[in-house]
Amino acid sequence: DCFWLLVAILDNLLPKTYYGDLSGVMLDVEVLNLLMERSLKPVRDKLELTHLPLTSFAAQWFMCAFVNVLPGPSVLRVWDCLLVDGHAVLFRVALALLKAIEGE
């Protein structure tokens, strides 16, 4: 059952270019960058000052759907939302994580 769930996620929820040439992941990182420019400019500016490219962590977030970043119960909630609301959830979660560090 788990295998078929993974197949359904890869085939139906994530863009086809996510795991082939990774162009879909890079495009989503760029979209996240644009969203940050609109709503999280201080965080984006801090990343630029530290020369930390967004791709160094956001690409992994998107490719793994946060399974390697969040605690288990949170990952399950993200995946529930992913199954219901689709791929846009990845942006919402990424922005929420970045918003959490805005004051640091």
Show which side-chain atoms of residues 85-102 pair as donor or acceptor with protein atoms under 3.5 Å away, not counting sequence neighbours.
unit_1 : atom_1 : unit_2 : atom_2 : d
H87    : NE2    : D28    : OD2    : 2.5
K99    : NZ     : E102   : OE1    : 2.8

- R77 side, atom CZ; L82 side, atom CG - distance, nearest 0.5 Å: 12.0 Å
- Message: Just verifying a value: how many Å separate N33 CG and L40 CG, rounded to the nearest 0.5 Å?
- Response: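 Spacing of CG (N33) from CG (L40) equals 11.0 Å.
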- Query: Any idea which heavy atoms bring L32 and A58 closest together, and the distance?
  - Reply: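 Result for this residue pair: CD2-CB, 3.8 Å.
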- Message: Please say yes or no: joined through hydrophobic side-chain contacts below 4.5 Å, possibly via intermediate residues, are F66 and L76 part of one cluster?
- Response: no
- Message: Are L27 and F62 linked, directly or through intermediate hydrophobic residues, by side-chain heavy-atom contacts shorter than 4.5 Å (ILVMFWY only)?
- Response: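 Not linked; separate clusters.
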Side-chain donor/acceptor pairs under 3.5 Å, residues 47-56, sequence neighbours excluded:
unit_1 : atom_1 : unit_2 : atom_2 : d
E48    : OE2    : R44    : NH1    : 3.4
E48    : OE2    : R44    : NH2    : 3.2
T50    : OG1    : K46    : O      : 3.1
T50    : OG1    : L47    : O      : 3.1
S56    : OG     : P53    : O      : 2.6

- Message: V75: which residues meet the side-chain contact (heavy atoms from CB on, under 4.5 Å) condition with it, sequence neighbours left out?
- Response: V67, L70, W79
